[in-house]
Amino acid sequence: MPELPEVETIKRQLEKKMLDKKIVNIQINNKTVIKEPDTESFKNGIVGETVTEVIRRAKLLIIKFKEDKFLIIHLRISGWLLYGKKEEKSRVSFELSDGNFLNYMDQRMLGELKLRRDYKDLKFIKSLGPEPFDISLEEFAKILKAKKTKIKPLLMDQTVIAGMGNIYAQEALFAAQIDPTNTANNLNQTQVANLYKAMLLVLNEGIKYKGSSVDIYRNLEGDKGGMEKRLKVYGRENKPCVVCKEPIKKTLIGGRGTCFCPNCQK
DNA sequence: AATGGGACCTGCGCGC
DNA sequence: TGCGCGCAGGTCCCAT
């Protein structure tokens with residue numbers, strides 16, 4: 001899915017397109033993506049509402065209509081949003097008062113839409129760790145010291161730090177020159193500091209270039225991100241390392257494909 | 001506490 | 001060409 005930089009990109013675009021817009025109708029093509037409440041209540045609860053705020057928390061998008069009314073969107077793996085004309089392939093289309101549509105696209109239909117009176121009380125939200133941009137080096141170091149898990153799955157653990165996924169965790173570890181199979185509490189002080197900086201660097205770069213479009217992900221305008229061309233290890237198995245030219249290797253860590261440079265990452 | 005497997009879904013590319 | 005398999009940016013749930 002869209003990880004923090006992709007979701008942040010969409011969030012900023014939604015602010016421009018959706019603030020003060022009224023939703024006048026909703027077409028639901030696939031009920032399975034609507035998790036709460038039932039589809040009729042979902043539709044009736046939103047039609048006639050005006051968007052007052054757009055929020056991102058971790059990889060979640062939250063559209064606020066008024067006090068006690070929030071649309072919570074989790075794009076999971078293949079979800080994305082497309083603004084403009086009505087799309088045939090959309091799972092849900094929100095018709096706006098300006099004649100445009102906000103289309104919820106999701107090939108695999110693993111994403112989730114919820115309409116709730118609050119979002120902060122969601123079990124998933126309550127379980128989230130801090131945003132990467134809100135955590136200090138000292139706090140980061142403290143967390144790593146307390147964990148015996150491998151560093152790569154740890155970076156992807158939303159209850160530890162919220163927002164990174166399988167792309168940016170790999171990129172951060174490459175930028176910090178750390179082997180993804182290292183145990184978190186075995187990293188030395190320099191490595192921890194490098195990883196902290198690297199994490200912020202790759203996430204900021206991802207936001208700057210409007211995300212990575214490795215597969216079908218597109219931003220709100222239907223455009224691909226610019227970050228996938230800048231990825232140094234993700235999806236680059238057997239290609240030369242951008243630093244040392246040795247071939248990038250791919251391995252499985254915690255069930256997830258992981259690319260790294262065996263020469264640069266120690 | 002940490003790890004592994006399967007589940008949820010669809011669709012793509014690959015080897016045979 | 002056709003088919004089966006593995007794999008895909010996420011998360012949850014269960015078992016060990």
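Computed from heavy atoms alone, side chains included, the values below leave out hydrogens, waters and symmetry copies. In what follows, chains carry the letters A, B, and so on, assigned in the order in which the sequence lines appear, proteins first and then strands, with residues in each chain numbered from 1.
A close approach under 4.0 Å does not occur between any side-chain nitrogen or oxygen of A:His74 and OP1 or OP2 of C:dG10. Between B:dC9 and A:Gln107, no contact under 4.0 Å exists linking OP1 or OP2 to a side-chain N or O. At the phosphate of B:dT3, OP1 or OP2 sits under 4.0 Å from a side-chain N or O atom of A:Thr149. The phosphate of C:dG6 has neither OP1 nor OP2 within less than 4.0 Å of any side-chain N or O from A:Lys250. Between A:Lys59 and C:dT11 there is a side-chain N or O to OP1 or OP2 distance below 4.0 Å. For A:Arg256, a side-chain nitrogen or oxygen approaches OP1 or OP2 of C:dG10 to under 4.0 Å. Dashed line: the shortest gap from a side-chain N or O of A:Lys147 to OP1 or OP2 of B:dA1 is not under 4.0 Å.
Separating the CD1 atom of A:Ile253 from the C1' atom of C:dG9 is a distance of 16 Å, rounded to the nearest angstrom. The CG-C1' distance, from A:Asn30 to B:dG11, rounds to 15 Å in whole Å. If you take CG of A:Asn219 and C1' of C:dG9, they are 15 Å apart, rounded to a whole angstrom. The distance from atom CG of A:Asp157 to atom C1' of B:dT3 is 13 Å, rounded to the nearest whole Å. For the pair A:Glu112 CD and C:dC12 C1', the interatomic distance rounds to 10 Å; values are reported in whole Å. Nucleotide C:dG9 holds its P atom 12 Å from the CG atom of A:Leu231, rounded to whole Å. Note: CD (A:Gln158) to C1' (C:dG9) measures 12 Å, nearest angstrom. Between A:Lys123 atom NZ and C:dT11 atom P there is a gap of 14 Å when expressed in whole angstrom units.
In this structure, A:Phe124 reaches the sugar-phosphate backbone alone: every heavy-atom distance under 4.0 Å involves primed, P, OP1 or OP2 atoms, never a base. In this structure, A:Ser212 reaches the bases: a heavy-atom distance under 4.0 Å links it to at least one base atom across the strands shown. Looking at heavy-atom distances under 4.0 Å, A:Gly255 makes no contact with the nucleic acid at all.
Comparing the C1' positions of B:dC9 and C:dG2 gives a spacing of 23 Å, expressed to the nearest Å. Distance check on atom C1': B:dT3 versus C:dG9 gives 22 Å, rounded to whole Å. Annotation: C:dC5 and B:dA7 have their P atoms spaced 15 Å apart (nearest Å). As rounded to the nearest Å, B:dC8 and C:dC3 have C1' atoms that lie 24 Å from one another.
Nearest nucleotide to the A:Arg108 side chain, out of B:dT10, C:dC12, C:dG9: B:dT10. When each of C:dG10, C:dT11, B:dT10 is scored by its nearest atom to the side-chain atoms of A:Glu3, the top-ranked nucleotide is C:dG10. Here the side chain of A:Met109 is nearest to one of B:dT10, B:dA2, B:dT3, namely B:dT10. Nearest nucleotide to the A:Tyr234 side chain, out of B:dT3, B:dA2, C:dG9: C:dG9.
As the counterpart of C:dG6, B:dC12 is assigned, both hydrogen-bonding distances of the Watson-Crick or G-U wobble pattern falling under 3.5 Å.
Between A:Asn182 and A:Leu173 there is no side-chain heavy-atom pair separated by less than 4.5 Å. Looking at heavy atoms from C-beta onward, A:Lys210 lies out of side-chain contact with A:Met227 at the 4.5 angstrom threshold.
For A:Asn188, the side-chain contact (heavy atoms from CB on, under 4.5 Å) partners are A:Thr190, A:Gln191, not counting sequence neighbours.
Here A:Glu87 pairs with A:Lys85 in a salt bridge; the nearest charged N to carboxylate O distance falls below 4.0 Å.
Side-chain atoms of A:Thr181 and A:Asp179 form a donor-acceptor pair, as typed in the model, at a separation below 3.5 Å.
Distance check, rounded to the nearest 0.5 Å: OG1 of A:Thr52 to CZ of A:Phe65 gives 8.5 Å.
A:Tyr209 carries A:Arg230 over the face of its six-membered ring, with the cationic atom under 6.0 Å from the centre and within 45° of the normal.
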